[in-house]
Protein chains: 2
Amino acid sequence: MRTGTRKEEIVVEASKLFKEKGYSAVSVRDIAQVMGIKAASLYNHIDSKQEILALLIMELAREFTEGMREIRQRSETPLEKIRAVIEMHIDITVSRSEALAALNNDWMHLGEEDRVEFVRMREDYEENFRQVIHKGIQEGEIRNLHPEVILFSILSTLRTLYLWYQKRGKLDVNVLKKDMVAVLIQGIV
Amino acid sequence: MRTGTRKEEIVVEASKLFKEKGYSAVSVRDIAQVMGIKAASLYNHIDSKQEILALLIMELAREFTEGMREIRQRSETPLEKIRAVIEMHIDITVSRSEALAALNNDWMHLGEEDRVEFVRMREDYEENFRQVIHKGIQEGEIRNLHPEVILFSILSTLRTLYLWYQKRGKLDVNVLKKDMVAVLIQGIV
DNA sequence: GTCTATAGTGGGATAGAC
DNA sequence: GTCTATCCCACTATAGAC
């Protein structure tokens, strides 16, 4: 981000297009068009189309990884940690849904190096979440259901929240957090 | 499917590639290669790349729509209907994960006509699900939480189940159904 | 910082021989 | 049913003028 604001503008506009059609279906001409310039001019600010994707995804992935590590080492009960994870996801969803879309759907189009690091971070994240769930089951705070089912029920809901937050939009964030925590933890009955 | 088996083979192989990289990142040359033939030869069996996508998505979308309508008109309680929807999704996930991936991620690359029909079917599906949840809340069978939060918590979990069913794979389908119903309906505590 | 021009590659799809 | 050859177009990216 040395060049500052123009580059960031490109990343922001590109991310909107990526969310709509996916990284591969968006051309640098498309990005240039919404910026109001020619495709060639983009290359004064970025090195490649792939760099835009990496800027979007890798920063967010590091944020999730760091957030999870921080929550993990708190002196709270497993259930309180799960609540914190849910709230972190909601905060990120509300403020950065385009980056989230790219992270979910287009990580496989990262360059080799970033992709390897991304997969490592994602596995690290899931493993930390898994440990929290295990501990909760051991301590009797969480029901003894298949931990993988619990893990992915919660994660898949959180990961795809960006898809409908805006549509059904402008649900108050605190209401959303409260009800989402209730649904995911206590169920619907 | 007039031509029968060869065309279906193409759709099957293409769907695997679409799941990995997304429709737009897969070329007809890629598809031809895994079939062991040249790209031009594909066109003796299909009219276009887009036709493959439509065959994959539209059939499955109709199946979901029909399945939901059938469940909706049963003489069961709302909660039993939700259980039935969950089990339908799991059955489809287990047997057709590639088509499900295309339906989730690549529907926007359908031709205009199919895309309009697809969106209509998806809205119809969600509206039916919404009505079931509303009825459950009215009758006191379901907790009085924001219905949209309930709807999308369940739907997003079911829709992305295909992403991890194989990895964590070979979980017995009946165990999966049991635990998934338990997690989604009764929560984890 | 943006432009025009263009290189170089690969895309979807068709024609016609076998 | 598959092939070779090819069309035409869109893609990412670069060079160099302004």
Distance in angstrom units between [X] [atom1] and [N] [atom2], rounded:
| X | N | atom1 | atom2 | result |
| --- | --- | --- | --- | --- |
| B/I10 | C/dA13 | CD1 | P | 13 Å |
| B/L42 | D/dT4 | CG | C1' | 15 Å |
| B/L17 | C/dG12 | CG | P | 12 Å |
| B/K38 | C/dA15 | NZ | P | 21 Å |
| A/Y43 | C/dG1 | OH | P | 17 Å |
| B/E51 | C/dT14 | CD | P | 12 Å |
| B/Y23 | C/dG11 | OH | C1' | 12 Å |
| B/D30 | C/dG11 | CG | P | 6 Å |

Candidate nucleotides D/dT12, C/dG1, C/dT4, ranked by approach to the side chain of A/H45 - the nearest: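 Selected nucleotide: C/dG1.
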Among C/dA13, C/dC3, D/dA13, the one nearest B/V28 by side-chain distance: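 The closest nucleotide is C/dA13.
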Under-4.0 Å side-chain N/O to phosphate OP1/OP2 contact, A/K49 with D/dT12: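 Yes.
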B/S27 vs C/dG10: side-chain N/O to OP1/OP2 distance below 4.0 Å: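 Answer is no, no contact under 4.0 Å.
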Shared hydrophobic cluster, B/L55 / B/V34 (ILVMFWY, side-chain heavy atoms < 4.5 Å):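 Yes; tracing contacts between hydrophobic side chains, which count when under 4.5 Å, links both residues.
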Sub-4.5 Å side-chain heavy-atom contact between A/V189 and B/E141: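 Not in contact.
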Contact check, side chains of A/F152 and A/R159, non-hydrogen atoms, under 4.5 Å: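 Side chain of A/F152 against side chain of A/R159, heavy atoms only: contact under 4.5 Å found.
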Heavy atoms of other groups near A/K135 NZ, more than 12 under 6.0 Å: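 Atom NZ in A/K135 is not packed in, count stays at 12 or less.
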Heavy-atom donor-acceptor pair, A/R6 side-chain to C/dG1 base, under 3.5 Å: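 Answer is no: no donor-acceptor pair is held.
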Mutual orientation of the aromatic rings belonging to A/F18 and A/Y23 [parallel < 30°, tilted 30-60°, perpendicular > 60°]: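 The rings of A/F18 and A/Y23 stand perpendicular, inter-plane angle above 60°.
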Residue mapping more 5' on DNA chain C - nearest nucleotide basis, A/R29 or B/S24: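 Going by which nucleotide is closer to the 5' end, it is A/R29.
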Nearest-nucleotide 5' precedence on DNA chain D, A/I46 against B/S41: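 Looking at the nearest nucleotide for each, B/S41 comes out on the 5' side.
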